[in-house]
**Student:** 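What follows is a single structure, and I will ask about it in a moment.
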Protein chains: 2
Amino acid sequence: MKRTILIFGLLILALLLLFQFSKYAIISGDLNSEIAIALIAIVFFFIGIYINKKSLHKQTNPSEDIDHKKIEALDISKREYEVLVGISEGLSNKEIGEKLFVSESTIKTHVSNLLSKLNAKRRTQALQIAKDFNII
Amino acid sequence: MKRTILIFGLLILALLLLFQFSKYAIISGDLNSEIAIALIAIVFFFIGIYINKKSLHKQTNPSEDIDHKKIEALDISKREYEVLVGISEGLSNKEIGEKLFVSESTIKTHVSNLLSKLNAKRRTQALQIAKDFNII
DNA sequence: AGAGGTTTGGTACTTTAGTATGACCTCTTT
DNA sequence: AAAGAGGTCATACTAAAGTACCAAACCTCT
């Protein structure tokens, strides 16, 4: 938020400077008016690209980053989440257990809790729901 | 490809018109030069946004459409693919069977074939592999 | 018509997955 | 210190998932 305000402040400042410069250049005859206009056009063109890139990464690409708040809201613990990641990697309970250095029984407990928290009947359904929630 | 060329052509045409207009406006005194410059700036700003949006949707979002060639290359039949979709929806073999109006046995056969074709040991692993291949 | 691939379906079996319950340990909070 | 939450693990069970093998029906192409 603070950064956004700072960036916009600098942007406006830069624009004012550009306007003043172009006006001066045209009046003093140092620069052709077309070239001045072209410069401004190019600058604004890139400003448009820059701003769009920023906003696109936060508005139309919401699937990239995981929704940590949702994870909390669903009351999923760290360990349970690690198990969920294991499931998404296509691992069996046994393999997840080996990865996390715990027994298969423990993983089963975590999976069972996960399924009830995600309101799923199967691990594949849990994956689908987790993706819907941008949790994974 | 054709569309891209057309769009760029129209874009360049519009720019030339804008330049001519602004030059005329400034010389004839109908318009303040600052206003003309501002107009150009705004237009280019939006052009920047537009172009960026187009390119971003095709470059940083390559995961959207499925790779049909890969499906063929893996020798996955239509029916098997339908089963794969069912799996990705978190359905059980029984539910997939009901959805496709066949028995659970049939689904098991398809799943088994799918797993060997995708070189997976579990349906969850099949999902992960299928996503890697942009098949799903 | 016959070969070949796909789809369908069954039986029988093994392996994972998932549920239920109880127990113990370790922190953190009250 | 007691309560509560998370994590760990085990047993015993049921339910899915997956494998292997076989067989019939159905297309499609030659």
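Chain letters run A, B, ... following the sequence lines, proteins first and then strands; every chain starts at 1. No hydrogens, no waters, no symmetry mates; every other heavy atom, side chains included, goes into these values. Just so we're clear, the structure is a prediction, and the values are computed from it rather than from any experiment.
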**Student:** With a sphere of 6.0 Å drawn around NZ of A:K131, does it hold more than 12 non-hydrogen atoms of other residues, nucleotides or ligands?
**Tutor:** yes
**Student:** Is it the case that atom NZ in B:K117 sees more than 12 heavy atoms from other parts of the structure closer than 6.0 Å?
**Tutor:** yes
**Student:** Generate the contact string for nucleotides 15-30 of chain D. Rules: B means base contact, S means sugar-phosphate contact only, - means no protein heavy atom under 4.0 Å.
**Tutor:** --BBS-----------
**Student:** If you compare all heavy atoms of A:R123 against all heavy atoms of A:V111, which two are closest, and at what distance to 0.1 Å?
**Tutor:** NH2-CG2, 4.1 Å
**Student:** Measure the distance from CG on A:D75 to P on D:dG4 and round it to the nearest whole Å.
**Tutor:** 16 Å
**Student:** Could you tell me which non-hydrogen atom of B:Y81 sits nearest to which non-hydrogen atom of B:I136, and how far apart they are?
**Tutor:** OH-CA, 4.3 Å
**Student:** Could you give the CG-to-C1' distance, from A:L84 to C:dG18, as a whole number of Å?
**Tutor:** 16 Å
**Student:** Could you give the CD-to-P distance, from B:Q125 to C:dA17, as a whole number of Å?
**Tutor:** 11 Å
**Student:** Would you call A:R79 and A:E82 a salt bridge, taking side-chain N to carboxylate O under 4.0 Å as the test?
**Tutor:** yes
**Student:** Rounded to the nearest Å, what distance is computed from the CD1 atom of residue A:I96 to the P atom of nucleotide D:dG7?
**Tutor:** 15 Å
**Student:** What is the distance, to the nearest angstrom, from the CG atom on B:L100 to the C1' atom on C:dT7?
**Tutor:** 12 Å
**Student:** Under 4.0 Å between a side-chain N or O of A:T106 and OP1 or OP2 of D:dC9?
**Tutor:** yes
**Student:** Taking OP1 and OP2 of D:dT8, is either one under 4.0 Å from a side-chain nitrogen or oxygen of A:H110?
**Tutor:** yes
**Student:** Tell me, please, which residues at least two apart from B:S103 pass side-chain hydrogen bond (donor to acceptor under 3.5 Å, both in side chains).
**Tutor:** B:T106
**Student:** Tell me: CZ of A:R79 to C1' of C:dC27, nearest whole Å?
**Tutor:** 15 Å
**Student:** Distance check needed: C:dG5 C1' versus B:E72 CD, whole Å only.
**Tutor:** 15 Å
**Student:** Who pairs with A:E89 by salt bridge (Lys or Arg N to Asp or Glu O under 4.0 Å), at least two apart in sequence or on another chain?
**Tutor:** A:K99
**Student:** In whole Å, I'd like the distance from the CD atom of A:E80 to the C1' atom of D:dG7.
**Tutor:** 10 Å
**Student:** Please classify the nucleic acid contact of A:S77 as base, sugar-phosphate, or nothing, using heavy-atom distances under 4.0 Å.
**Tutor:** sugar-phosphate
**Student:** Hey, does B:S105 reach any base, or is it just sugar-phosphate, or nothing, if we go heavy atoms under 4.0 Å?
**Tutor:** base
